[in-house]
Amino acid sequence: MASAPNSRLAIISRHFTSATSASKHGPNGQNLGWIKISPEVSIALKHGSPIVALESTIISHRMPYPQNFETAKELEVIVRENGAIPATIAILDGVPRIGVYLRLRFIVFFSLFSFLGLTTEELENLARLGSQARKTASRDIALVMAGRENGATTVSATMYLASMVGIPIFVTGGIGGVHRHGENNANIRLERKSGILIAVPIPNEHSASGSLIESAIQQALQEAREKKIIGNAETPFLLARVNELTGGASLSSNIALVKNNASVGAKIAFSLAQLQKHSDKSDMC
């Protein structure tokens, strides 16, 4: 007869294996063998639990180390405190990863699944890489995967990968397409499918002086034009330069903004999951 510890381990192993198997296919039946999902997120998806997707560009391209790593961990804590499961998304060695788990804390049970998701150590490595990790939009995913590169996912890439596995809620600090002159973007003419954008104002106690920020933005924009910094290199440059010009005030405000967004996003995810479960029960009656 198997010992009690071995028996419990076998049960846990079957539980995770079942959840992992279920995650191999997306909500529309598509094959997702190329995406690695952490055991926690996989189980949450299986049971319809609230999940909040988090991007990784904010870790590698928008903040210096170690602030980026500490902020990434704090965001996950905030999401959990508000009733949802955090799912940080990135691409490591060409493999899209969804969700973070602590390898050291759960080494006995999760060692069997160390190839899934992001470990905390890998998340810190991504933070240390900084801008050396390729800034990855949805159009770049195939390139990063083919080259087996490390990719920090932007808003578009994070939303795409989250939607592929059935995560409906995504939280970030800023979003492309609403920059200056966004009204001239080809996106409207393409009639692309889109979701709902919920804008959350920064808490008053954390807002920096509007005139100070605007002055710094204008100067940073002028410098970007002079240095011919365009495309996906523009935002990281502007964020870093504005932070320098404001003596760190903009970075502090940005971190506070993201944390507040994580709190609101988690509450929305929790409420959405409850509504979905209620709807499912009603359909069964």
Side-chain angles (χ1 to χ4, degrees), residues 35-38 41 50-65 67-80 82 84-92 95-100 117-118 120 122-141 143-145 149-179 194-200 231-236 238-240 251 254-266 268-269:
I35 298 178
K36 302 303 182 184
I37 309 174
S38 73
V41 173
I51 307 172
V52 173
L54 300 167
E55 65 165 311
S56 48
T57 297
I58 194 172
I59 301 171
S60 62
H61 287 73
R62 297 186 187 176
M63 299 179 193
Y65 181 85
Q67 279 178 304
N68 53 3
F69 180 51
E70 294 304 319
T71 299
K73 293 190 295 182
E74 289 171 3
L75 290 178
E76 296 208 339
V77 170
I78 291 171
V79 169
R80 292 184 189 282
N82 287 278
I85 303 298
T88 299
I89 296 178
I91 300 177
L92 294 185
V95 180
R97 312 284 191 96
I98 298 181
V100 175
L118 283 163
T120 303
E122 289 171 331
L123 185 64
E124 182 169 16
N125 288 339
L126 186 65
R128 288 180 180 275
L129 276 175
S131 59
Q132 295 180 53
R134 182 187 286 270
K135 187 178 178 184
T136 307
S138 57
R139 66 181 177 229
D140 306 311
I141 293 176
L143 177 65
V144 175
M145 290 180 64
E149 299 179 52
N150 294 316
T153 55
T154 64
V155 169
S156 65
T158 304
M159 288 196 299
Y160 172 76
L161 292 172
S163 68
M164 287 294 289
V165 301
I167 300 176
I169 302 296
F170 162 62
V171 162
T172 185
I175 184 169
V178 290
H179 296 305
S194 59
I196 299 174
L197 175 62
I198 301 175
V200 183
N232 62 10
E234 185 176 24
T235 297
L238 292 176
L239 288 171
L251 178 58
N254 194 35
I255 291 175
L257 169 70
V258 176
K259 288 181 179 179
N260 187 56
N261 285 355
S263 174
V264 174
I268 292 174

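Everything quoted here is computed from the prediction, not taken from an experiment.
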Residues in salt bridge (charged side-chain N to carboxylate O under 4.0 Å, His left out) with [X], at least two apart?
X	answer
E124	R128
K73	E70
R139	none

Less than 4.5 Å apart, any side-chain heavy atom of [X] and any of [Y]?
X	Y	value
V41	V165	no
K135	T154	yes
E149	T136	no
T158	L54	no
S60	N150	no
V200	N260	yes
F69	T120	yes

Margin query: Could you check whether atom OH of Y65 has more than 12 heavy atoms from other residues, nucleotides or ligands sitting under 6.0 Å from it?
Written below: yes
Partner set under side-chain contact (heavy atoms from CB on, under 4.5 Å) for [X], not counting sequence neighbours:
X	value
A162	A53, I89, I167
L238	A220, L221, A224, E234
A266	V52, V79, N82, A84

Margin query: Please check: side-chain N/O of S138 versus main-chain N/O of S156, any donor-acceptor pairing under 3.5 Å?
Written below: no
Notebook entry, point to check: Are the side chain of N68 and the backbone of A127 linked by a donor-acceptor contact shorter than 3.5 Å?
Noted result: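 Such a contact is found between N68 side chain and A127 backbone.
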Item checked: Any side-chain donor near an acceptor of the partner, T153 and S56, under 3.5 Å -> yes
